[in-house]
Amino acid sequence: MPEIDNIAAPERRSDDEPVRYNPAEIEPRWQSRWDADPALYRAEDHAGGKPKFFCVEMLPYPSGALHIGHVRNYTIGDALARFMRMRGFNVLHPMGWDAFGLPAENAALKNGRAPKEWTLSNIAAMKVQMRRIGLSYDWHGTEVASCLPEYYRWNQWFFLRMLEKDLAYRRSSKVNWCNLCATVLANEQVVGGCCWRHEDTPVEQRELEQWFFRITKYADELLDGLDTMPGWPDKVRTMQRNWIGRSYGTEVTFAVADDTALKGTGFSPSVTPPGKEGALAPEGQPSITVFTTRVDTIFGATSIQLAPEHALVKEWAKTDAALAADVDKMVAEQAAAKQTGDFGTIEKHGVSTGKHAINPFTGETLPIWVANYILADYGTGAIMSVPAHDERDYEFATKYGLPIKRVIAPATSGGANDDSGDLALPYIAEDEAVLINSGEWTGEAALEAQEKMGLFAEHKGFGKRTKTFRLKDWGVSRQRYWGTPIPVVYCQNGHEGVPPKGVVPVPDAQLPVLLPDNVAITAENGSPLGRVPEFVNATCPVCGGPARRETDTMDTFVDSSWYFYRYTDAHNNTAPFSSEKANYWFPIDQYIGGVEHAILHLIYSRYWTKVMRDIGLIKNDEPATRLFTQGMVIKDGAKMSKSKGNVVSPDEMIGKFGADATRTYALFAAPPDRDLDWQEDGVAGVSRFLARVYRLTMKYAPVVKAVEHAKGDEIAPSAFAGQTPAGAKLLRTLHQTIAKISEDFSGRWHFNTSIAAVMILVNEIASSEGAMDSGEIAPATIAELFRSLTLLLAPFAPFLTAELWEQMGHTSSINHAAWPVADATLAKDDEIEIPVQVNGKLANVIKVAADADEETIKATALADEKVQQRLADKTIVKTIYVKGKLVNMVVK
RNA sequence: GCCGGGAUGGUGAAAUCGGCAGACACAGCGGACUUAAAAUCCGCAGUUGCGAAAGCGACGUGGGGGUUCAAGUCCCCCUCCCGGCACCA
């Protein structure tokens with residue numbers, strides 16, 4: 001190919017007209033070209049032969065401005081999406097807006113702006129920012145905004161399906177109330193006793209009628225499914241496991257003793273009337289059911305403890321003023337402690353009810369107490385207290401002088417009847433521990449006894465083996481305006497549609513129930529919708545009579561529970577999405593977002609996926625195969641906040657250094673899973689690096705163009721004979737870099753080292769400028785270098801690389817240009833460096849041929865002068881050789 | 001208290017499987033270019049001792065112990081920081 005070799009290197013441009021990297025000129029120019037092409041990032045129809053890749057980043061709340069943390073999150077996803085496109089995948093990369101929620105109402109209160117107008121203008125502003133950053137979203141095909149009726153009508157549609165399946169229900173319950181939000185919060189939205197949005201505002205407990213979703217129906221599946229999700233971080237899975245909190249145990253029913261009868265027979269608390277063992281309470285007599293995970297310790301129970309809000313306590317308090325007063329105090333104390341978040345540390349105390357219960361296993365009579373450490377909403381709100389084998393019960397029993405009875409001993413101790421008591425109490429029994437003092441069960445291993453005693457209680461009818469979850473049903477009612485109206489009415493003629501009683505669902509055909517505009521937002525409690533007569537006054541769909549419309553709206557986590565399904569079919573107006581499309585794209589191949597949603601959005605959306613599967617919409621069990629949680633962006637070692645004045649503005653960064661530098665820095669400064677300390681000087685450094693790439697590539701772009709033109713625009717083949725050493729060295733580095741980055745993308749995602757590798761390559765190219773100009777390095781090599789360099793940087797710096805790609809004479813977009821392939825032969829070093837140690841200390845580094853055998857390497861090492869100095873007067877005991885890595889001589 | 005994650009130069013970090021600790025950058029210092037500055041380029045750079053220098057040596061990955069020819073990496077104990085959960089029976 002003489003004509004190629006004869007292409008002259010371009011003249012060095014004179015110093016007075018340098019080619020300057022100017023992102024402020026390049027980036028807007030490309031941005032408007034991209035904006036003008038609605039199909040640029042459109043995924044192909046699923047009929048195509050390419051493998052699919054569905055890449056989703058968690059959608060933002062449209063607050064009005066992107067946070068630098070968003071930039072990091074979206075840049076990670078965008079780099080991956082761009083890489084996968086170049087690897088030939090059919091990539092769906094969408095974006096949307098989590099657009100309902102309280103800040104819009106606060107803005108209305110503060111500035112008098114309508115929530116809708118405020119939200120939509122924020123969306124517009126943030127979309128401009130996202131476009132400036134060069135994020136490759138298919139806006140036209142996929143954009144979703146949850147505040148639009150086209151979206152939220154499907155929330156309503158799902159709500160109706162949930163009603164039909166008895167997954168949505170209404171009941172009165174104690175709820176978390178945030179005064180600043182002026183609404184109810186779900187358990188998941190209470191963080192350390194405070195509101196998740198108002199970190200310093202304690203959550204109050206209020207009794208309210210609420211809509212709930214029966215997420216507990218799926219508790220087992222949500223928990224067990226975690227074991228089948230290796231692509232999710234352990235951290236998130238562990239958090240979800242703890243949140244769901246399944247405990248296997250036994251419910252045991254204790255009959256409440258008839259005190260009047262006992263008094264007549266000379267009652268003694270530990271003596272049971274004969275024949276009363278295992279007795280259930282007679283008709284009309286109350287009983288108490290406790291939940292325990294350690295039924296094997298039941299012979300050690302010495303009292304029953306009830307939560308202050310237990311139904312029986314309320315009953316007894318009616319006729320016992322002193323008890324009522326004590327209990328009220330306890331309820332108030334529990335509520336206060338929950339607010340301040342130190343529920344776990346308040347001192348245990350309680351009060352005796354004077355009543356007694358009968359242990360069905362032993363027939364013993366146990367005193368019934370009310371205790372402040374018993375939760376009303378976990379298990380049955382009642383426990384059997386076993387002070388010998390439970391720390392909390394021990395503490396309580398010691399305080400009040402209740403008996404402590406040992407019924408379990410370690411398996412290694414003196415045997416079944418060893419209750420010598422030399423072991424510290426409380427003794428928390430292990431599985432192998434052995435029962436003592438437990439009647440016919442004495443001698444059984446604890447774990448087996450749990451099983452057998454549970455079965456026994458079941459058989460005798462005073463208990464059952466069961467499991468309890470920490471997870472509660474999801475309260476979705478919000479007393480707010482800016483959310484999805486719940487699509488039911490209450491018929492004033494008493495018509496009933498579906499249960500619950502009195503509720504008439506709005507028929508599908510009447511959806512959406514539109515959120516009215518022009519609603520006065522005030523700070524008063526109660527939903528603003530309740531003050532809009534045109535909204536509240538409705539017609540019963542069953543009888544046509546007057547009806548009152550539900551004024552609660554849905555929790556915004558409903559919106560985000562299924563938004564990514566809508567991406568696959570965003571313009572569908574007859575269904576939430578087409579099953580065919582969803583089944584092609586789902587599950588999401590890579591989901592990326594902050595870990596703060598580990599037990600909010602990420603558990604709700606798993607639940608929603610299972611519900612949608614069970615109503616036949618989709619086939620997948622889980623929404624996403626892989627989840628990545630990126631680290632926070634911090635500044636000067638601290639979380640960014642307006643009050644600290646250390647907030648980094650993405651616009652300012654882009655204005656100063658350009659989007660490419662901002663993006664590249666966000667990936668370069670730290671591995672994506674770690675926290676990143678934002679340093680503006682670092683962005684400046686990356687910007688200098690991109691400027692160097694620009695200057696060099698612009699200089700040699702004509703060479704690339706000429707070479708590729710001569711070859712008919714084929715990809716330059718790498719291996720050609722007669723390569724000079726300088727050229728071979730550059731090609732080696734190039735192919736090592738290609739291999740490294742390709743690997744980083746498919747595994748570790750340590751883009752910081754990917755970018756460092758490109759920097760090394762560029763440094764080497766820059767120092768070979770003389771050799772390239774003199775012709776020592778062939779034009780074909782130069783062409784391959786710059787062509788590949790541009791492709792390698794394309795996922796990180798899309799504007800710069802698009803510009804350079806065009807400057808090299810390419811007319812087709814770089815977005816779908818093929819990712820370079822590493823040539824292992826070219827990447828291979830022909831000479832390697834081997835460190836030589838003497839007694840583990842570095843003596844020297846020797847250079848040997850890459851294919852040198854062990855003998856040669858050892859001989860070379862031994863012959864080395866510096867090594868010899870270390871070996872003087874010593875005897876070599878052993879020589880360790882690690883192939884291609886090191887030689888270590890052990891000497892005496 | 002329990003469960004995760006982390007601690008490496010002045011700073012962000014690298015070392016992917018036990019094999020040259022500090023790649024790549026930032027900040028710094030010295031130099032070139034310039035009337036000057038900016039920009040750019042070249043060089044130095046873990047700490048410390050000896051030396052005029054080339055160089056030679058010691059120490060060094062939060063602390064202490066261990067395994068190994070060899071430890072940032074594996075094991076045991078401890079400290080501190082971040083995140084989550086926390087009287088869940």
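Every chain is numbered from 1 and lettered A, B, ... according to where its sequence line falls, protein lines coming before strand lines. Atoms considered below: every heavy atom in the structure, side chains included; atoms not considered: hydrogens, waters and symmetry mates.
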Self-check item: A/Lys348 charged N/C atom sitting above A/Tyr373 aromatic ring, 6.0 Å / 45°
Solution: yes
Quiz prompt | Face-on cation placement of A/Arg470 at A/Trp243 ring, 6.0 Å and 45° thresholds | solution = yes
[X] [atom1] - [N] [atom2] separation (whole Å):
{"X": "A/Lys878", "N": "B/U68", "atom1": "NZ", "atom2": "P", "value": "10 Å"}
{"X": "A/Lys235", "N": "B/C85", "atom1": "NZ", "atom2": "P", "value": "11 Å"}
{"X": "A/Tyr881", "N": "B/C69", "atom1": "OH", "atom2": "C1'", "value": "16 Å"}
{"X": "A/Arg692", "N": "B/C24", "atom1": "CZ", "atom2": "P", "value": "12 Å"}
{"X": "A/Phe657", "N": "B/A39", "atom1": "CZ", "atom2": "P", "value": "12 Å"}
{"X": "A/Leu627", "N": "B/G4", "atom1": "CG", "atom2": "C1'", "value": "15 Å"}

Ion pair present between [X] and [Y], side-chain N to carboxylate O less than 4.0 angstrom?
{"X": "A/Asp227", "Y": "A/Arg241", "result": "yes"}
{"X": "A/Arg695", "Y": "A/Glu769", "result": "yes"}
{"X": "A/Lys467", "Y": "A/Asp220", "result": "yes"}
{"X": "A/Arg294", "Y": "A/Asp296", "result": "yes"}
{"X": "A/Lys729", "Y": "A/Asp829", "result": "no"}

Reckon [X] has a side-chain N or O less than 4.0 Å from the OP1 or OP2 of [N]?
{"X": "A/Arg241", "N": "B/G4", "result": "no"}
{"X": "A/Tyr378", "N": "B/A89", "result": "yes"}
{"X": "A/Arg688", "N": "B/C26", "result": "yes"}
{"X": "A/Ser247", "N": "B/A89", "result": "yes"}

Name the nucleic acid region contacted by [X], choosing base, sugar-phosphate or nothing; use a 4.0 angstrom heavy-atom cut-off, strictly under.
{"X": "A/Asn752", "value": "sugar-phosphate"}
{"X": "A/Thr468", "value": "nothing"}
{"X": "A/Phe668", "value": "base"}
{"X": "A/Asn763", "value": "sugar-phosphate"}
{"X": "A/Ile760", "value": "sugar-phosphate"}
{"X": "A/Asp675", "value": "sugar-phosphate"}
{"X": "A/Gly685", "value": "sugar-phosphate"}
{"X": "A/Leu676", "value": "nothing"}

Shorter than 3.5 Å, N or O on both sides, protein versus nucleotides 15-18 of chain B: list them out with atom names.
unit_1, atom_1, unit_2, atom_2, d
B/A15, OP1, A/Arg748, NH1, 3.4
B/A15, OP1, A/Arg748, NH2, 2.6
B/U16, O4', A/Arg748, NH1, 3.4
B/U16, O4, A/Lys740, NZ, 3.0

Quiz prompt | Secondary-structure stems for RNA chain B, with pairs counted as Watson-Crick or G-U when both distances are under 3.5 Å and runs at least 3 long | solution = B:1-7 with B:79-85, B:10-12 with B:24-26, B:28-32 with B:40-44, B:46-50 with B:55-59, B:62-66 with B:74-78
Quiz prompt | First encountered from the 5' end of RNA chain B, between A/Ala376 and A/Ala757 | solution = A/Ala757
Taking the side chain of [X] as heavy atoms from C-beta outward, which of [options] is closest to it?
{"X": "A/Ile346", "options": "B/C87, B/A39, B/A89", "result": "B/C87"}
{"X": "A/Thr292", "options": "B/C24, B/A89, B/C69", "result": "B/A89"}
{"X": "A/Met759", "options": "B/C69, B/A25, B/A89", "result": "B/A25"}
{"X": "A/Val890", "options": "B/C69, B/U11, B/A86", "result": "B/C69"}
{"X": "A/Trp243", "options": "B/A89, B/C85, B/A39", "result": "B/C85"}
{"X": "A/Asp681", "options": "B/C3, B/A13, B/C26", "result": "B/C26"}
{"X": "A/Ala756", "options": "B/G12, B/C24, B/C26", "result": "B/C24"}

Quiz prompt | Rounded distance [0.5 Å steps], NZ in A/Lys399 versus NE2 in A/His349 | solution = 7.0 Å
Kindly give the atom pairs (protein nitrogen or oxygen, nucleotide nitrogen or oxygen) under 3.5 Å for nucleotides 19-21 of chain B.
unit_1, atom_1, unit_2, atom_2, d
B/G19, N2, A/Asn888, ND2, 3.4

Self-check item: Donor/acceptor link under 3.5 angstrom from A/Lys348 side chain onto base of B/C87
Solution: yes
Practice problem: Can you run down the side chain to side chain donor-acceptor pair (under 3.5 Å) pairs that involve residues 374-390 of chain A, sequence neighbours left out, and say none if there aren't any? | Solution: A/Ser247-A/Tyr378, A/Asp390-A/Arg392
Quiz prompt | In B/G9, glycosidic geometry as syn within 90° of 0 or anti otherwise | solution = syn
Within the sub-3.5 Å range, which N or O atoms of nucleotides 54-61 of chain B have a protein N or O partner, and how far apart are they?
unit_1, atom_1, unit_2, atom_2, d
B/A58, OP1, A/Lys841, NZ, 3.4

Quiz item: Which residue pairs pass the salt bridge (charged side-chain N to carboxylate O under 4.0 Å, His left out) test with at least one member in residues 737-754 of chain A, sequence neighbours excluded?
Solution: A/Lys740-A/Asp744
